[in-house]
Amino acid sequence: MQPVSILITNDDGYGADGLKALEASLGPVGTVWVVAPDREQSGQGHALTLNHPLRFHKRGPRHFVVQGTPTDCVYLGVHTILKGEARPGIVVSGINRGYNLGDDITYSGTVSAAFEATLMSLPAFAISQETGEGTPVDFEAAARFARTLVEQVLARGMPPDTLLNVNVPRGRPRGVRVTHQGKRLYPGGVIERFDPKGRSYYWIGGQSAEWEDDPKSDFAALEDGFVSVTPLHLDLTNHKVMDQVRGWNLEI
Ligand code: MN
């Protein structure tokens with residue numbers, strides 16, 4: 001039997017340690033193809049490059065860098081770089097340095113790469129590692145879990161229109177929880193600073209992360225030291241409020 005092709009990408013860029021840890025871990029499961037951005041693309045969300053030419057370069061056997069976003073990597077990876085090869089059996093994005101929880105996933109290049117694969121009807125998951133201030137990031141547990149999950153998905157199949165958002169806590173995980181997407185409370189943190197010429201500039205974030213108290217959420221799982229696995233789907237429709245909106249005075 002032909003070994004399965006596994007396409008991996010990330011948003012931290014080709015040189016990131018999390019990507020290397022993922023590649024090493026998945027090697028025994030299939031033929032790993034690395035198609036990653038040539039530089040950090042964190043926070044780029046589901047951006048697709050449409051207004052300038054996209055280029056990629058081969059960096060080694062089955063290693064490619066793309067001058068673009070994580071979504072570009074999946075798009076070019078599947079349609080161009082792996083053209084003529086077996087279609088990937090699974091796409092894995094990560095291991096991201098830093099978690100991707102709650103509403104923040106809409107900003108995430110890591111999660112969006114998995115979304116892109118799902119749009120192509122390929123099984124996919126995103127995996128992110130919680131970091132701590134001043135401590136080196138250890139990707140070992142996340143890499144090990146990524147391999148388990150790939151094996152599970154290949155054996156069982158991914159439910160249609162579904163991707164998984166996986167987050168791994170710092171330290172030794174106490175177990176695994178299937179969670180729902182939590183909700184972050186945004187204090188609206190913007191840091192204002194002044195450059196040497198006295199002009200103000202701004203830096204988004206910096207606020208401490210706080211979220212709605214919800215024991216079944218992805219946030220709670222991490223806080224309790226568990227790996228969080230959140231099944232996501234592409235349908236963003238808020239079905240519960242459709243009748244309410246229908247009741248508005250909508251005329252044209
Ligand atoms: Mn990142």
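Everything quoted here is computed from the prediction, not taken from an experiment. Atoms within each ligand, like the ligands themselves, are counted from 1 in listed order.
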Engineer: Tell me which N, O or S atom of Asp11 sits nearest to the Mn ion (ligand 1).
Structural biologist: OD1
Engineer: Which atom, among the N/O/S set of Asp12, is closest to the Mn ion (ligand 1)?
Structural biologist: OD1
Engineer: Counting only N and O atoms by type, is there a donor-acceptor contact under 3.5 Å from the side chain of Gln41 to the main-chain atoms of Gly68?
Structural biologist: yes
Engineer: Check the orientation of His63 and Tyr14. Use parallel for under 30°, tilted for 30 to 60°, and perpendicular for over 60°.
Structural biologist: perpendicular
Engineer: Check whether any N, O or S atom of Asn10 sits under 2.8 Å from the Mn ion (ligand 1).
Structural biologist: no
Engineer: Take a 6.0 Å sphere around CZ of Arg177 and say whether it holds more than 12 heavy atoms from other residues, nucleotides or ligands.
Structural biologist: yes
Engineer: Is it the case that over 12 heavy atoms from other parts of the model lie below 6.0 angstrom from the CG atom of Asp213?
Structural biologist: no
Engineer: Between Trp211 and Phe219, how do the two ring planes meet: parallel, tilted or perpendicular, split at 30° and 60°?
Structural biologist: parallel
Engineer: Tell me whether the Mn ion (ligand 1) has Ser128 as a neighbour, meaning an N, O or S atom of it below 2.8 Å.
Structural biologist: no
Engineer: What is the OG(Ser42)-the Mn ion (ligand 1)-OD1(Asn96) angle, to the nearest 10 degrees?
Structural biologist: 180°
